[in-house]
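Okay, structure first, notes after.
Every chain is numbered from 1, with letters handed out A, B, ... down the list of sequences. Computed over heavy atoms, backbone and side chain alike; hydrogens, waters and symmetry mates excluded. Keep in mind it's a predicted model, so treat the numbers as computed, not measured.
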There are 2 protein chains.
Amino acid sequence: MTRRRKNFRPEDRRNQIFDCAQQLFQTKGYSRTSINDIMNIAGVSKGAFYHHFDSKEAMVDGLLRRYADQIRGAYDAVLETQGLSALDRYKLHLQILRDRQALAEPQSMMLIIASLLNEEDSGFQDRLMEEIVAAVVPVFAEVLRLGIEDGVFLIDDPVTAAPLIVRIANQHRYVLKTAFGIKSAEDQKAVVKKIEDSLKMQGLAIDRLLGIPDGTTQLRHVNYASDFVANLHAK
Amino acid sequence: MTRRRKNFRPEDRRNQIFDCAQQLFQTKGYSRTSINDIMNIAGVSKGAFYHHFDSKEAMVDGLLRRYADQIRGAYDAVLETQGLSALDRYKLHLQILRDRQALAEPQSMMLIIASLLNEEDSGFQDRLMEEIVAAVVPVFAEVLRLGIEDGVFLIDDPVTAAPLIVRIANQHRYVLKTAFGIKSAEDQKAVVKKIEDSLKMQGLAIDRLLGIPDGTTQLRHVNYASDFVANLHAK
DNA sequence: ACAAACATACCGACGGTCGGTATTGATATG
DNA sequence: CATATCAATACCGACCGTCGGTATGTTTGT
């Protein structure tokens, strides 16, 4: 019965479907969301869905690509900014990813959080993380190369180091899993500490690999862990 | 205790189903393997399957647990061996995991390789890796603690460091993905180098986090990368 | 006899396909 | 300038095979 909207360009429809899918993934998780669910929320028939996407997987690819492109948009400033020392450029890189992280809460961060709840969704999580790696690594490898030239970073292969470091930072997600199943306030405190300890250790691993002073790499804002746990508890 | 038809104890049936499932996962990948496939290969009815397992997920859990228990069996020697220096104990830990890795080829390593082929199977991969982490971390954390006591490792929190380090080592799997799609012999050489570079960088990250000399941590045997690529090419 | 160990028929949900219809914009024509 | 034409595009909804899972009946060992 749904009538066709004549002002809709194909791209708009695709984005509309993306939006609905993302919303559903956030609220009920990836694996629990069927194409029928997405269809119904979007007010679109199955035929329409498969007109715009070859498969469910292809749709998810498009959604993740769109997400990664948003990161690229903000992150490309790392190389575009002029007149920075190698270490300052590295710190800018950290800051942009930190800020993005803070902004993305709850928008896109909830994508990850929701998928953390179900073991089945770890594949989705993995794909999301790899999209992020693909977006960040090319720029970050150049940041490392510049720092190696200046003698700031004590490694010899930025292209190999870049994905390793980004994935060390992304190990974060395994620790967040423990944040579920919190009951008492003491649990809450313990989990906050565990997340903070883990973040510190990740930063330490990166600092020492690069040969820069302990504590240089701050992966999240100071209140990240407590905010995360508080947010989680509120729902 | 209770002996049933064909001399089959319940545990034997379970292991038989595990074996068939593992074989199928290796040959055609996890997501492409249905319960019906497993039933048919095992020569068992659906009723029998669901008599022994609550769900497909439960069966997979059991299979992964069995795999992790095999690791535990060999790995527990790390703490049982007496009279070792902290660094030698750490090296023993590395050696046992390296040897196990070499032995496990093609047996259980193929589990990972097969799941690397399909993007859809990354969830399965993730679960496998987390089982390994759960098996290794308790012992490894103690190894680290002993080394910290002796002033060999320059960190202060073995319980946080242990899973981080194990997962750095497991990052390996992301690099292996690039080994597919090899055509020319030059490709082959380049991929071998890429795998070796990555392994070296992972070892370096661990060495420097722990504060031990560069090159101490050898994650695989020397011919691992070339053997892997050669094996892959043979099929 | 009785429970464990199976077997079989069946179910609903899922991703995906298919034949068909409505809408559109470009172009040809009166 | 208005309109008929028409292929491409956007969309619909019934239908299909497969999957994980269940309900219920049957065999087998003790």
Side-chain angles (χ1 to χ4, degrees), chain A residues 1-21 24-25 27-64 115 118-124 127, chain B residues 1-21 24-25 27-64 115 118-124 127:
Chain A
M1 194 53 232
T2 335
R3 256 190 280 149
R4 178 150 172 224
R5 314 262 295 271
K6 58 180 172 183
N7 286 340
F8 263 43
R9 294 170 315 173
E11 201 186 315
D12 293 332
R13 259 282 192 269
R14 280 174 58 95
N15 273 316
Q16 178 200 355
I17 292 173
F18 282 152
D19 291 340
C20 294
L24 281 166
F25 290 163
T27 51
K28 53 190 283 190
Y30 170 70
S31 62
R32 298 207 201 308
T33 301
S34 71
I35 289 184
N36 275 296
D37 292 335
I38 299 168
M39 280 165 44
N40 292 337
I41 295 284
V44 163
S45 75
K46 187 161 269 193
F49 183 95
Y50 278 94
H51 173 73
H52 290 289
F53 302 102
D54 288 342
S55 67
K56 189 192 185 188
E57 291 303 297
M59 191 276 288
V60 173
D61 276 347
L63 177 61
L64 294 179
S115 65
N118 312 328
E119 286 290 328
E120 316 156 19
D121 289 356
S122 58
F124 176 74
R127 288 168 68 184
Chain B
M1 190 127 168
T2 50
R3 181 164 291 214
R4 296 296 154 188
R5 76 193 320 221
K6 286 185 192 173
N7 297 337
F8 263 44
R9 294 171 313 172
E11 201 186 317
D12 293 333
R13 259 278 191 274
R14 280 175 56 95
N15 273 316
Q16 176 200 356
I17 292 173
F18 282 152
D19 291 338
C20 293
L24 280 166
F25 290 164
T27 51
K28 53 189 283 189
Y30 171 70
S31 63
R32 298 205 206 303
T33 301
S34 70
I35 288 185
N36 273 298
D37 292 335
I38 299 169
M39 279 165 44
N40 292 336
I41 294 284
V44 164
S45 75
K46 189 162 266 194
F49 182 95
Y50 278 94
H51 173 72
H52 291 288
F53 302 102
D54 289 343
S55 66
K56 188 194 185 186
E57 291 303 298
M59 190 276 290
V60 173
D61 276 347
L63 177 60
L64 294 179
S115 65
N118 311 329
E119 286 292 327
E120 318 155 18
D121 289 356
S122 58
F124 175 74
R127 288 169 68 187

C:dA7 P sits how many Å from B:Phe49 CZ, rounded? 14 Å
Using the test ring-ring contact (aromatic ring centres under 6.0 Å, His included), find all partners of B:Phe53 that sit at least two apart in sequence or belong to another chain. B:Phe18, B:Phe49
At what distance, to the nearest 0.5 angstrom, does CG of B:Asn36 lie from NZ of B:Lys46? 4.5 Å
Within 45° of the six-membered ring axis of B:Tyr30 and under 6.0 Å from that ring's centre, is NZ or CZ of B:Lys56 located there? yes
Respond yes when some side-chain nitrogen or oxygen of A:His51 is under 4.0 Å from OP1 or OP2 of D:dA10, and no when none is. yes
Given that A:Asp54 and A:Asp37 both sit by DNA chain C, which one's nearest nucleotide is further toward the 5' end? A:Asp37
Between protein and nucleotides 9-11 of chain C, what N or O pairs are separated by less than 3.5 Å?
none

Between A:Ala21 and A:Met59, the two heavy atoms sitting closest are CB-CE, 3.8 Å
Here the distance between atom P of D:dC15 and atom CG of A:Asn36, to the nearest Å, is 15 Å
Check the distance between D:dT18's P and B:Met39's CE and give it to me in whole angstrom. 14 Å
Find the distance B:Glu57:CD to D:dC19:C1' and express it as a whole number of Å. 13 Å
Flag the pair A:Arg127 / A:Asp61 as yes when at least one side-chain heavy-atom distance between them is below 4.5 Å, and no otherwise. yes
Rounding to an integer number of Å, can you tell me how far A:Lys56 NZ sits from C:dT17 P? 15 Å
Which is it for A:Asp37 and A:Lys28 under the side chain to side chain contact (heavy atoms under 4.5 Å, CB included) test, yes or no, and what are the steps along the way? CA-CA 11 Å; A:Asp37 292 335; A:Lys28 53 190 283 190; 3.0 Å; yes
Between C:dG16, C:dA7, D:dG21, spot the one nearest the side chain of A:Ser55, thanks. C:dG16
Applying salt bridge (charged side-chain N to carboxylate O under 4.0 Å, His left out), name anything that partners B:Asp19, two or more places apart in sequence or on another chain. B:Arg66
Is the distance from OP1 or OP2 of C:dC6 to the nearest side-chain N or O of B:His52 less than 4.0 Å? yes
Could you tell me how far apart A:Ile35 (CD1) and D:dA14 (C1') are, to the nearest whole angstrom? 16 Å
Can you measure B:Arg32 atom CZ to D:dC19 atom C1' for me and round it to whole angstrom units? 15 Å
Protein-nucleotide distance (A:Tyr50, atom OH; D:dC16, atom P), rounded to Å: 17 Å
